[in-house]
Amino acid sequence: MRIYADNAATTKMSQTAIDAMLPYLAEAYGNPSSLYALGQEAKDALERARETVAGIVNAAPREITFTSGGSEADNQAIRSAAALGAAAGKKHIISDAIEHHAVLHTLKKLEKEGFEVTLLPVGRDGLVRAEDVAAAIREDTCLVTVMYANNEIGTVQPIRAIGAICREKGVLFHTDAVQAVGHLPIDVAADNIDMLSASAHKFHGPKGVGFLYAKKGVRLVNLIEGGAQERGKRAGTENVAGIVAMAAALKEAAERMDETAAKLTALRDTLIAGLSAIPHAALNGDPAKRLPSNVNFCFEGIEGESLLLLLDDKGVCASSGSACTSGSLDPSHVLLAIGRPHDVAHGSLRLSLGDDATPEQIAYLIEAVKDVVEKLRGFSPVWRDLCAGKTPFLL
Ligand SMILES: *Cc1c(COP(=O)(O)O)cnc(C)c1O
């Protein structure tokens with residue numbers, strides 16, 4: 001049995017998305033900027049994709065800019081708000097401690113360029129408090145950026161409430177919705193969102209393509225200079241096949257969203273209940289305000305990397321957190337932010353379920369994790385010391 005339980009890192013392309021893409025690689029390969037029919041065919045497909053994507057998040061097509069993915073959209077959104085802020089003498093940005101590195105590293109750069117950044121803490125539940133956002137807003141705040149759903153622990157933030165506060169105070173609000181788009185219902189108008197980032201490969205589309213929604217009137221700055229593609233805001237010949245496939249994947253995900261979410265929520269809760277039976281284990285993130293697909297645990301006395309290797313032997317593809325931090329020895333900034341001590345944060349496991357998850361797979365996952373945790377603890381001097389009472393249990 002092979003179980004792919006790392007859908008927060010990337011997803012398998014849907015057959016619908018592959019089928020939608022192929023004609024734009026093989027036949028309709030024209031450049032959308034070319035005036036002859038072959039080019040215009042590509043241009044039409046591009047604009048249809050823009051309408052589809054816009055419709056699904058309740059935006060206008062003109063408010064959608066296609067990008068190379070979530071990281072680029074995050075960079076462009078934050079850089080744009082910073083430029084608007086700087087022009088108005090406002091150089092304060094509010095975000096939180098558990099953002100993706102595409103946001104955090106952009107903010108670090110801006111700090112070096114003279115911006116002041118307030119990173120709000122999250123509670124032990126992994127949630128940002130809307131009232132903390134309200135309290136942090138100052139006269140010179142030009143942007144609030146809070147992710148829709150966290151990529152490691154799956155927590156879904158109170159986006160609509162945060163958006164309402166920003167709207168009331170006249171501050172731009174960006175959300176990195178890469179984990180949410182295609183999985184949760186999103187309405188940029190009702191949610192009071194000014195800018196939103198999304199990435200196709202997180203909802204069964206291809207890698208290397210995404211989009212940035214920017215509300216009418218929010219002026220974007222270019223990260224890439226060149227031709228006049230994307231209304232002059234993103235130069236470079238458009239990734240037509242990828243964009244068409246993204247729209248097809250998103251349409252399919254949106255049509256199945258309620259059904260998929262209900263199914264995954266039930267499977268997720270079974271998995272959480274099963275893993276909670278392991279001694280000295282703890283769920284990370286709020287048990288209910290989380291993505292239907294996300295399960296994240298810490299196991300005391302375990303090293304995350306070995307856990308992943310032994311699970312791989314059992315055919316399970318999982319993660320210890322963010323793909324960006326695996327391979328480094330630093331524990332996850334997200335787990336530290338929710339108050340997990342260093343030692344415990346090292347023993348983390350993220351299982352992110354796919355739309356095709358089954359009850360049989362969940363049963364297999366529970367047994368596989370139990371087995372591997374027990375095996376590793378059997379070898380672990382840290383675990384021996386914990387059991388002998390030489391060091392106290394933290395979980
Ligand atoms: C995956 C991810 C990104 C990066 O998206 P790419 O398309 O891989 O650049 C950004 N933010 C979050 C929350 C993500 O999960």
Side-chain angles (χ1 to χ4, degrees), residues 5-6 8 96-99 101 104 119-129 132 150-155 268-291 294-314 316 318-352 362 365-395:
D6 202 14
D96 62 86
I98 66 168
E99 291 294 308
H101 285 129
L104 289 177
L119 287 187
L120 298 173
V122 293
R124 290 193 165 267
D125 53 9
L127 294 170
V128 175
R129 311 279 164 222
D132 287 353
N150 184 268
N151 48 302
E152 293 188 37
I153 58 174
T155 42
R268 175 197 75 190
D269 292 343
T270 306
L271 182 54
I272 290 175
L275 298 183
S276 296
I278 297 174
H280 303 286
L283 178 70
N284 294 312
D286 190 90
K289 291 175 185 155
R290 67 191 303 132
L291 290 167
N294 179 284
V295 173
N296 189 313
F297 267 82
C298 280
F299 301 105
E300 192 150 16
I302 296 255
E303 213 268 299
E305 302 274 292
S306 352
L307 188 62
L308 297 185
L309 291 175
L310 291 193
L311 283 175
D312 189 23
D313 286 344
K314 289 180 179 286
V316 175
S319 160
S320 59
S322 142
C324 316
T325 39
S326 65
S328 98
L329 287 175
D330 295 336
S332 142
H333 67 289
V334 176
L335 297 180
L336 295 180
I338 62 168
R340 296 293 183 211
H342 266 74
D343 288 351
V344 170
H346 271 300
S348 66
L349 174 69
R350 178 185 72 188
L351 297 165
S352 41
I362 299 299
L365 284 174
I366 293 170
E367 284 319 304
V369 174
K370 275 186 179 164
D371 189 53
V372 166
V373 167
E374 203 171 307
K375 190 175 284 169
L376 286 172
R377 281 177 172 169
F379 300 139
S380 161
V382 174
W383 182 252
R384 209 177 313 127
D385 287 352
L386 286 165
C387 292
K390 287 190 192 159
T391 47
F393 280 109
L394 299 169
L395 292 182

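Numbering starts at 1 and runs along the sequence shown.
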Fill in the blank from the handout: Here the side chain to side chain donor-acceptor pair (under 3.5 Å) pairs for residues 385-395, sequence neighbours left out, are none

Exercise for the section: Output all residues satisfying side-chain contact (heavy atoms from CB on, under 4.5 Å) with Pro341, sequence neighbours left out; order by chain, then residue number. Expected result: Val344, Leu394

Completion exercise
CG (Asp371) and CG (Leu310) are apart, to the nearest 0.5 Å, by 9.0 Å

Practice task
Show your reasoning for whether side chain to side chain contact (heavy atoms under 4.5 Å, CB included) applies to Leu308 and Leu349.
Solution key: CA-CA 8 Å; Leu308 297 185; Leu349 174 69; 3.8 Å; yes

Exercise for the section: Drop me the distance from Leu335's CG to Cys298's SG, to the nearest 0.5 angstrom. Expected result: 5.0 Å

Completion exercise
Smallest heavy-atom separation, Gly301 atom then Val382 atom, equals CA-CG1, 4.2 Å

Practice task
Answer yes or no: is there a side-chain heavy-atom contact under 4.5 Å between Asp132 and Val128?
Solution key: no

Exercise for the section: Report yes or no: does Arg290 contribute a side-chain atom to a donor-acceptor pair with the main-chain N or O of Asn150 at less than 3.5 Å? Expected result: no

Fill in the blank from the handout: For Ile338 and Gly126 the tightest heavy-atom approach is CG2-CA, 3.6 Å

Practice task
Mind listing the closest non-hydrogen atom pair of Asp96 and Leu104 along with its distance?
Solution key: O-CD2, 3.8 Å

Practice task
Would you name the heavy atoms of Asp286 and Thr155 that are closest together and state the gap between them?
Solution key: N-CG2, 3.5 Å

Practice task
Report, as yes or no, whether the 6.0 Å neighbourhood of atom NZ on Lys289 holds more than 12 heavy atoms from other residues, nucleotides or ligands.
Solution key: no

Exercise for the section: Grab the two heavy atoms, one from Ile153 and one from Gly285, that are nearest each other, plus how far apart they are. Expected result: CD1-CA, 4.1 Å

Handout entry: Of all pairs that satisfy side chain to side chain donor-acceptor pair (under 3.5 Å), the ones with a partner from residues 274-284, not counting sequence neighbours
Key = Asn284-Asn296, Asn284-Arg340

Exercise for the section: Measure from the side-chain N and O atoms of Glu152 to the backbone N and O of Val334, and report whether any donor-acceptor pair falls under 3.5 Å. Expected result: no

Completion exercise
In this structure, OG of Ser332 is separated from CD1 of Ile98 (nearest 0.5 Å) by 9.5 Å

Fill in the blank from the handout: Looking only at heavy atoms, the pair that brings Ser320 and Ser348 closest together is O-OG, 2.7 Å

Problem - Arg350 side chain to Asn151 backbone, donor-acceptor under 3.5 Å - result: yes

Fill in the blank from the handout: Rounded to the nearest 0.5 Å, the OG1 atom of Thr270 sits from the CG atom of Leu365 at a distance of 11.5 Å

Problem - Test item: His333 and Glu99 side chains (from C-beta on) under 4.5 Å apart, heavy atoms - result: no

Completion exercise
Between the CZ atom in Phe299 and the CD atom in Glu374, the distance rounded to the nearest 0.5 Å is 12.5 Å

Exercise for the section: Supply the atom-to-atom distance Asn294 CG to Ile272 CD1, rounded to the nearest 0.5 angstrom. Expected result: 8.0 Å

